[in-house]
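One structure is given here, and the rest of the page talks about it.
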Amino acid sequence: MTTPPHSKPSLLIKLQKSVIVFESIMRLLRTMTKIAMPSLILAILINLATATLPVLDIFLTKNLVDEVTRIIGQRSQGINVALGWLSAVLSLQLISIILQPAYQVILTRIKLKMNYHFDQEIALKSSRLPLVYFDSAEYYDKYERAQSLNGDRGIGFIEAILHILQSVLSITGFLYVLFQFHFILGLGFLLIMIPSLLIHLSIGKLRFHQMFQQTTAVRKINYLMGLMTKRDSAKELRIFNLTPYLLDKVRHYYWQNANEQIALQKRSAWSVLRVDGLSKLLQSAAIGFLIWTSSLGRMTIGSYVALVQAMSSSQGYLFVITNRISNIYESALYVRNIYDYLELPEEDRPDVYKIYTGLQHQGIEVNNLYFKYPNRSEWILDNISLQIRPGEKIAIVGDNGAGKSTLVKCLLGLYKPVKGNICYGGVNIQHIDPAVLSESISATFQDYVCYQFPLRENIGLGSILTMDQDELIQRAAFKGQADQIAAMLPHGYDTDLGHAFGEGQELSQGQWQKIALSRAFLRDAEVVVLDEPTAALDPMAEAAVFERFIDLSEGKTSIFISHRLGSCRMADRILVLRNGKIVEDGHHSTLMNADGPYAQMFRLQAKWYTDEKVG
Ligand SMILES: Nc1ncnc2c1ncn2[C@@H]1O[C@H](COP(=O)(O)OP(=O)(O)OP(=O)(O)O)[C@@H](O)[C@H]1O
């Protein structure tokens, strides 16, 4: 569905689009009936009732006017009949006044249910998508488009359908009145409908394609606005005085989009102007026809008023129909976006998972592992084979970009190998139920999350089932050194953290990192991974974390990445990665004796510390 807006789509593409529109309409209707059936039925009933009101109104008004005319011409004996018609007109208007707000309440209810439904679906879908998706621009474009539907587009769609239904019924009544009087009047109005309908349809189509094409620019604008308004970037922006530069970028994308929108609006306005002009002309001709008929004495005043009212109301309803049809078309295409997102392919998973009972004596086995990112051609992990015994402490070291974090993500089952496999206890990781696997692994990453929740929850998220058990939370806090943070906070473990919601206590980077570590320690996992967990810690804290880590992860298989090689001396084995390959593998003393890349890196770092001491 990525045809550029101004190229002429082939008949086949047009047909495909129509099918997509139809499919989307049916799908959305199915969703609505599933989640809001009673409200939907009520809305339809009110709609049907509302549709009959204007036609009834015309009938009552005609009789009222005719009766009043008789009274004025003194051809009627009393005013009772006229008052009867008047009270009928008033009752009708009262019903209409009551139905409208009731209808709005029901629509709001449907709208909120739809919002909630789509929010949930999108969140669940994101959790099931392969992690590599989150590294592609295509994913974010799809997400942005799916979000543009959320709420209003869904309800806009149902509102449009109901409005059309109501308008078609009312117009049918009016047309009946017009045809009853003279077929020329009825026919004239049918003719007005066709060009108006076509114009509004094509405007809807163009608007949708514009939105589609502008998604990337909109995301860029949002990103730039985020840079200028968020805390993380505020420091750099001030130091380098970047706001004018970024604003200039926003100006470029914003006005590129805005000018395209204005151009489309102008085109639409011109088309609508022509169609509306034509229909006004036809309407005037019809009124002229009525005046001519009146001059022949073939009409009462009441009939004249009723017919003029029928014609002008038909115009209004016609406008609603044409406009709403283009809304439906637009909405259907937007709906397609959300279903496009919800249909993104998930990772291939076996129908039945294999039973996994732990690492057993086999540990973790990596066999000829190859991995590359979707947008990159080179191998990031290049034929890695390795065996990790249960309970072994592995340190992974290497230059920036060597592939350490990528390897760890593969080992945790977050990235699927392109070739080769990873087995836990002899079972291919791809054949283990992710929920079961997740029970047996725990990890802290470089980009750990600072949850804007209380401290207890921040740690508790490591194992939701034990979140309420104070003793376990405190033990995990001790392991990751977050116990000292709890001690200094005003409400201890119940203190809200972070600045996002006003009352939270902000922490230093190192303090957040200790909390992230504690979270990882809360889970009683057999495999613990720390991907550079100590970068923000001071050297004393880092040494303490590693000592505790080694002590407390006794019996657990642990893998950690660190750039500070001093910490790696405690590991049973050190893997040295270079350009996606393991170039060395052994204990600190073995690697030092080998005098290879590890020894060189170690001596270089030791020199820095020695020089510092000397200095
Ligand atoms: N999401 C991604 N998309 C494309 N390429 C990526 C992505 N993440 C990492 N890379 C590339 O993969 C290579 C390995 O990255 P990785 O993060 O695994 O290295 P690392 O050894 O952990 O580095 P560091 O020590 O800097 O954390 C790098 O060349 C990096 O540019």
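Each ligand, and each atom within it, is numbered from 1 in the order the structure gives. When reading the values below, keep in mind they use all heavy atoms of this one structure, side chains included, and skip hydrogens, waters and symmetry mates. Remember, it's a predicted structure, so these values are computed and weren't measured experimentally.
- Close contacts of ligand 1 with Gln446, meaning ligand atoms under 4.0 Å from a residue heavy atom, involve 27 (O).
- At the top of the distance list for atom 1 (N) of ligand 1, counting protein heavy atoms only, stands Asp135 CG, 2.9 Å.
- For ligand 1, the polar-atom distance check finds no N/O of Tyr415 at less than 3.5 Å from any of the ligand's N/O atoms.
- By the criterion of a heavy-atom distance under 4.0 Å, neither the backbone nor the side chain of Leu407 is placed next to ligand 1.
- At the top of the distance list for atom 5 (N) of ligand 1, counting protein heavy atoms only, stands Arg376 NH1, 3.1 Å.
- Applying the 4.0 Å criterion to heavy atoms of Asp399 picks out, from ligand 1, the atoms 21 (O).
- No heavy atom of Lys409 sits closer than 4.0 Å to any atom of ligand 1.
- Looking at Arg569 and Phe602, their side chains come closer than 4.5 Å, going by heavy atoms from C-beta outward.
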Give the C-alpha distance, both sets of side-chain angles, the deciding distance and a yes or no for salt bridge (Lys or Arg N to Asp or Glu O under 4.0 Å) between Arg128 and Glu346. CA-CA 6 Å; Arg128 291 194 295 257; Glu346 293 174 18; 3.1 Å; yes
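- Nearest to atom 23 (O) of ligand 1 by heavy atom, out of Ser405, Gly580, Gly401, is Gly401.
- Glu506 places no side-chain N or O within 3.5 Å of a backbone atom of Leu497 that could act as its donor or acceptor partner.
- When Asn400, Leu577, Val408 are ranked by how near their heavy atoms come to atom 26 (O) of ligand 1, first place goes to Asn400.
- Between Ala402 and ligand 1, a contact under 3.5 Å exists for at least one N or O pair.
- Sparse packing is recorded around CD of Glu471, with 12 or fewer heavy atoms of other residues, nucleotides or ligands lying under 6.0 Å away.
- Atom 6 (C) of ligand 1 has its nearest heavy-atom neighbour, among Tyr373, Phe134, Phe371, in Tyr373.
- Atoms of ligand 1 lying under 4.0 Å from at least one heavy atom of Thr406, given by number and element, are 14 (C), 15 (O), 16 (P), 18 (O).
- Residue contact check: His563 has heavy atoms under 4.0 Å from atoms 25 (O) of ligand 1.
- Using a 4.5 Å heavy-atom threshold, the side chains of His588 and Met592 count as touching.
- Using modelled atom types, no side-chain atom of Thr444 and backbone atom of Ala520 make a donor-acceptor pair closer than 3.5 Å.
- Using modelled atom types, no side-chain atom of Glu392 and backbone atom of Thr557 make a donor-acceptor pair closer than 3.5 Å.
- Heavy atoms of Gly403 approach ligand 1 to within less than 4.0 angstrom.
- At least one cation-pi condition fails for Arg519 and Tyr448: the charged atom is not both under 6.0 angstrom from the six-membered ring centre and inside a 45 degree cone around its axis.
- Contact between Ala525 and Ile441 at its shortest, heavy atoms only, is CB-C, 3.5 Å.
- For Tyr254, the OH atom sits in a loose shell: 12 or fewer heavy atoms of surrounding residues, nucleotides or ligands are nearer than 6.0 Å.
- At a 4.0 Å cut-off, not a single heavy atom of Ile561 sits close enough to ligand 1 to count as contact.
- Residue-to-ligand polar distances keep Ile380 apart from ligand 1: every N/O pair is separated by 3.5 Å or more.
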